[in-house]
Structure formats: structure tokens, C-alpha cells
2 protein chains.
Amino acid sequence: MRVRLEEVARAASVSPKTVSRVLNDEANVSEETRKRVRAAMEELDYRPHPSARSLAGNRSFVVAMLYDNNDNPASTYLAEIQDGVLEACDAHRYSMMVRPLRMRGDDFIRRLDALISDHHPDGVVLTPPITDYAPLLKRLRERNVPYASVSPQSDTSIGVRMDEQAAARAIVEHLLGLGHRRIAHVLGIADHGASRWRLAGYREAMAAAGVPEDPALVVQGAFTFGSGVTAARELFALKQRPTAVFAANDDMATGVMWAAGEYGLKVPQDLSVCGFDDTPLARQLWPALTTVQQPSREMGRIAAQQLLNLLRGRGTGELVQMPFSLQIRGSTARVS
Amino acid sequence: MRVRLEEVARAASVSPKTVSRVLNDEANVSEETRKRVRAAMEELDYRPHPSARSLAGNRSFVVAMLYDNNDNPASTYLAEIQDGVLEACDAHRYSMMVRPLRMRGDDFIRRLDALISDHHPDGVVLTPPITDYAPLLKRLRERNVPYASVSPQSDTSIGVRMDEQAAARAIVEHLLGLGHRRIAHVLGIADHGASRWRLAGYREAMAAAGVPEDPALVVQGAFTFGSGVTAARELFALKQRPTAVFAANDDMATGVMWAAGEYGLKVPQDLSVCGFDDTPLARQLWPALTTVQQPSREMGRIAAQQLLNLLRGRGTGELVQMPFSLQIRGSTARVS
DNA sequence: CTGAAAGCGCTAACAT
DNA sequence: ATGTTAGCGCTTTCAG
């Protein structure tokens, strides 16, 4: 019924071990033998049994994608990363497993240990914000589970990253170029790399343009739509309202636009708004949102690729830098 | 290093097979012995090795969630279902695997076979629209892979379903109750159960209210934002414009609202708009969207549960009916 | 470069 | 109700 390695060996007139060598791209097989074995595999439509491989070889061929299901970014962001990770795993015949993992809670280590013991991933891909959770990284190293990160704050991980600070700076420069000076910023959740980098880019651009920082124009948000609304109300209540708002992500920018409607402010005539991420939502708004495109799917793929390079003994993996690009749309205009 | 079943057996003074029986909740173990073995497992923090279990037992303890990654519904819908499926799998120590599977393409069966041979799922959860793809269902049955579906059209599957037709009827009745008579409907993709049921509910409500059907008011869409915009433009160009639009999902309803803005129509004063699904987007619009809440996460959980009941020999699984609820918000108002 | 033997950790089948 | 034996399909070790 099921074709086994042994039958491939018989068909190719070699020992089972040799077929195994070919299957795993190991050395010490002559090119000719390798070809013959490959042909036999093809011919018989041989599919190695993953459990047998795992058991004997002491590896699972499973990559787990870990995410914080409590205070995580938008679900579409994670869905895109997941798509990319899956694509990379498929390319090397690894399986992907998705695992939520709440950071808060004192049984964190226990839950992490259970995850590792129960599923034996050969490696894990970390997504923000758990990319920088020290107890997690420590435990993964202790248990010898390799990992790669999407947008880590530290330079010591392998994975992928975009220069978010430069991107934030560029988008604020876009606003400055339109004549805006009173530019507000809605912050993301504290400690998230995304929040830090985007604030840093904002400050950098403002400072470079010689605009003194007004603390009243930098307000707290939490990456959600609702927090954007709240933050915007705070800004609109100021004696000197901003003429432009740079929100740390698209969801909050959407909230700002809603609040603008409440206050009778027209976007972009009375207020320019921009976000960050370029979620599908950005194009659906009216006017469409000026934002920074973050290629999440690509980033997921690349992070997984770095991990797989490591797992497959193809080098040590690196921290790849992604380019960014501004999406200038209808929500920003020259100051009136 | 790793605790094995044998050590548990030694600690509990029983044979390995007895431990295995306890592990798998099999019969023929005295309650006393069972307790002693459970205590030993706990004590040693024993974790069965999944691959060993799979190999010996000829089952993988893996459930695959299949989705069409080509013309699928919104990613947030799938993400929520995935969450629910994962929750159910975790509860019974099964692993979940997510697998995209395009319907179109003549190598469909080959890809499905590869998926099964490569990953050996014990069962699969199907999500719309592949819940009703006959070649898929046929092949799964041939290969003896049990499945459960989220919102299948046929009554023969196990899984979960909402009475979408009744829900659609209810929301159209809400519009009728506000005095609307010229109510348009934007269709979803043909053949999708969601499109059929929502149209049927629309017709049912209109007929019951004695409003003759105007074919010009039923226009094609494709579940996307853009298709909603296009459909709405068509409707607004009519000599007799509708006073209300029921779009078959929230994304298209959003498109309708955008198009309304283009035409200078105010929602809800000049036009009432409602959708279906209650995606996060619905609450973020301004005005917020009147829609039908579909508890996707719950539905994913329940579908997976039915499958697991089957896999674990706990009955045969059934097709569970979910209740629906209308979310009346600012986008609908009395006709002026 | 290739092969033979042993065994990964568990469960099926058959005892008792 | 419990134990014994054999083996799932592959890889490891070690020998040539």
C-alpha cells in the first residue's frame, strides 16, 4: 500500500541507508547512484513517513510560529506573516505549526516548556512583540531551540527587519514637505519595537527640520482603532490643534480619521493623517490612507528561511534588512 | 534526559502496555491502577513522544485546517476560525496544521494527495468555499480522511452552520421596518453558500413584505471592497436609486459607503447600508455598520470539536446550528 | 563511497 | 485486567 524506503532501495539496487543519504542530501553518494535513487523515488512516488523520520532522526521537521495572542498587532498582520512562513517551510518540506503564547502570566516558562515537549519543533519563528521577551529567548537557548525573529529589537537575533525609524522619518518628512509644522504623533504600546522606532523617526525628522518638540502633540495609543479615537480627541481638544497626525499604525490612523469626522474636521483639507503598515484597510478608507508599506508576508518568508538555513546546516542565518516604501494617498495634503 | 513510557511503567509497577492504555483512555484498566499510573505520569512530568505514538499507532494526532488561498473570504475571518480550531485541538492534545489549497488548477487531486501523504492528518477541517467542492470531498472519502466543515452547503457533512438565510431575512426586515422599499442587494461570489443564503433571505423578506422584486437592484459583487464600490456605482446610476443597500458582506458594504461618499450621498441620511459578518472593520467605520454577527471563532472551535469526537470514537459528530444576532448600528436609519 | 545491524519510543496483536 | 512479543519506517553507528 504505502511505498517505503526499502522498496526504493530495492528498485535502485542499493541499501536502505543509501536511499536515506540521498533523501537527506548527505555526502558520500556518487552522483550516478544519487541519480538512480532519485529516479526510483520519482517512479514509485515515494513519500518518506514524517513520524518515522522524526523518531529515528531525533528531529521533527516542524517549525513553530509563536505569537502573543493577548496584546498582539492586527490579525491581518499575523496572517500575512504566517503565509510567508508557511511558504518557506513548504519549500523545504518542513511543517509549520502556529502556537499562541501569552507573555503575561507567571506560568510562562511552564507553558513554553510544555509547547516544546509536546511538539518538539526543530526551531521557532518569533513575531512581535514576543521577539524581545527576554525570559523566552533565554529559555529557548537553554533548551537549544533555534529561533528567528520578525522585527526584533535586538541585533543579536537572526531573522528579518525593516528600518522602521528611517521609514517613520520619511513619512514625517513628507508631512513637513507639505508645509505642516504642528505634527502630532500617536504612540503604540510601550516597549514594542514598532513604537520606539516610529517615535524615534518622528523626532528625528522634526529635529532635522528645526521644529521644537511640543510634548502635548505626542499622545499615548495602543495600536487599536479605539485608542486612536481617544488619542485624537485629546489632540483636537488642544488650544492649538495639530494640522497633521502621524499615527504609529494604520488602525490608530483610522481612529484618528473617525474622530476627525466627529469634530467636523475634513481629511485632508483640515487635517492630514498618516499611518504605518499599509494594511488592506488603508486602501479602503475614504480618503485612502497615506502610510508606509511593510511587506509582512515577505518578512515572514525571509525570517523562516533564515531559520531553515540554520536547521539545514546551510550557514548560520543572518538578520536581513528589508527596504520600505511610502504609499502617498489621499489622506495627506498641503497645509491650508 | 527525556522521560519515557517505560520509566513511568517502572514507577507505577505496571507493564508499558498498561501505561499506554491509560495514556489513550482505553478500557480494561482498573480504576486503582489507572490512578497509580496517572500519578506516576504527573510525578515524572511524562510527555509522550508524538512521533513514536504516530509511528506505532498509525495515526498522527494532527488535524489540518484547509482553506482556499485564492478566492477566499477576508483574512480576519479565517484567522478567527483558525483560533477556534486550535483551541479545540489543544483541548484534546491534537496538533493543528494550516494548509492553503487552491481549488482551481487541474492538479488539484495531486496536490491534495501530496498533502495527505506528506502530513498524514487524522482529519481535516474545511472552510468556505472549499466546504462544497465535490472533487475534494470525494477524494477525502476515498482516502478515508474524516472531515468537518464550517458553513457547508450540504447537510451531509458534520461541522457547524449558522442559519444565514434567516439572518439575511432579519436584516432586510430591519430595513423594511425603517420604511425602506427600494432595497438593493450586492451579491457575493456565485456558488458560495454565503452568497446563496444571503440572497435567498433578501428575497424572502422582500416577498413577505409584498415588495415586487426589481432585478436592477440585485447586482453582482465578489466579497471584496472594490467590488462593493463598483456595484454601488451601478446602483447609484439608476434613475430610481435605492434608499438602502444590503451587501452580502461587510467588506462590500464598506465599498458601498465609499461610493456613497463619491456621489455626495450621506449615510444614513440619504442611504442606509448594511453588511454581514461583523468584522472588526464594521465598528471602525463612520458611521458604524449595521450587520449580522457571525461568531467565527466559536464556529471554528465547534467544527473541530465535531471532528475530534469522531476521531476519538466519541460518537459520529453532528452538524451544529449556531444562533445569529443582528448588530444595529449607525449606518441604517428611517427612510427620509 | 557503501552496507549491516541495532534501535528511536511507542502500540498492535496476541497471550495469560 | 494485565503482560509479552514483535515491529511501525526510518536513521544512527560502525564496519568495510
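A note on names: the letters A, B, ... follow the listed sequences, proteins ahead of strands, and every chain is numbered from 1.
Between A:Asn58 atom CG and C:dG9 atom C1' the separation is 11 Å, expressed in whole Å. Rounded to whole Å, atom P of D:dG9 lies 13 Å from atom CZ of A:Arg10. One interatomic measurement links the two molecules: CG of A:Leu23 to C1' of C:dT2, which rounds to 17 Å at whole-angstrom precision. Taking atom CZ of B:Phe61 as the reference point, atom C1' of C:dC10 lies 10 Å away to the nearest angstrom. Protein atom CG of A:Leu5 is 12 Å distant from nucleotide atom P of D:dT12, rounded to whole Å. Per the geometry, NE2 belonging to B:His120 stands 10 Å off C1' belonging to D:dG9, to the nearest Å. Here C:dG9 presents its P atom at 20 Å from CZ of B:Arg59, a figure rounded to the nearest Å. Rounded to a whole Å, the CD atom of A:Glu6 is 14 Å from the P atom of C:dG3.
Set against D:dT12, D:dC10, D:dA1, the side chain of A:Lys17 has D:dT12 as its closest nucleotide. Counting only heavy atoms from C-beta on, A:Thr18 has its side chain closest to C:dT2 among C:dT2, D:dT11, D:dA1.
Scored by the side-chain hydrogen bond (donor to acceptor under 3.5 Å, both in side chains) test, B:Arg34 finds no partners at all (sequence neighbours excluded). Checked against side chain to side chain contact (heavy atoms under 4.5 Å, CB included), B:Pro152 has the following partners two or more places apart in sequence or in another chain: B:Thr131, B:Asp132, B:Ser149, B:Ser157, B:Arg161, B:Leu319.
For the side chain to side chain contact (heavy atoms under 4.5 Å, CB included) with A:Pro48, the qualifying choice from A:Val3, A:Val19, A:Leu23 is A:Leu23, the only one to do so.
A:Arg141 and A:Tyr147 share a donor-acceptor pair across their side chains, judged by distance under 3.5 Å alone. For the residue pair A:Thr33 and A:Ser30, a side-chain donor N or O sits within less than 3.5 Å of a side-chain acceptor on the partner. With hydrogens and angles left out, the side-chain atoms of B:His120 and A:Arg47 include no donor and acceptor closer than 3.5 Å. Side-chain atoms of B:His119 and A:Ser95 form a donor-acceptor pair, as typed in the model, at a separation below 3.5 Å.
Checking side-chain atoms of B:Gln153 against main-chain N and O of B:Asp191 turns up a donor-acceptor pair under 3.5 Å.
Contact of the B:Asn309 side chain with the B:Thr316 side chain is not registered, since no non-hydrogen atoms from C-beta on lie closer than 4.5 Å.
Each of B:Val14 and A:Ser20 was assigned the nucleotide of DNA chain D with the nearest heavy atom; the assignment lying further toward the 5' end belongs to B:Val14.
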Can you check side-chain contact (heavy atoms from CB on, under 4.5 Å) on B:Asp113 and B:Arg139, steps first, answer last? CA-CA 8 Å; B:Asp113 279 343; B:Arg139 192 66 180 143; 3.0 Å; yes
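Residue pairs meeting the ring pair (Phe, Tyr, Trp, His ring centres under 6.0 Å) criterion with at least one member in residues 122-145 of chain A, sequence neighbours excluded: A:Phe108-A:Tyr133.
At the heavy-atom level, A:Asn24 lies under 4.0 Å from the strands shown only through sugar-phosphate atoms.
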Where do N or O atoms of nucleotides 6-8 of chain D meet protein N or O atoms at under 3.5 Å, pair by pair?
residue	atom	partner	partner atom	Å
D:dC8	O2	B:Ala56	N	3.3

Dump the pairs, protein N or O against N or O of nucleotides 14-16 of chain C, anything under 3.5 Å, distances to one decimal.
none

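OP1 or OP2 of D:dT11 lies within a sub-4.0 Å distance of a side-chain N or O belonging to A:Arg53.
To the nearest 0.5 angstrom, A:Leu307 atom CG is 11.5 Å from A:Arg312 atom CZ.
Taking a 4.0 Å limit (strictly below) on heavy-atom distances, residues 29-48 of chain B reaches DNA chain D at B:Val29, B:Ser30, B:Thr33.
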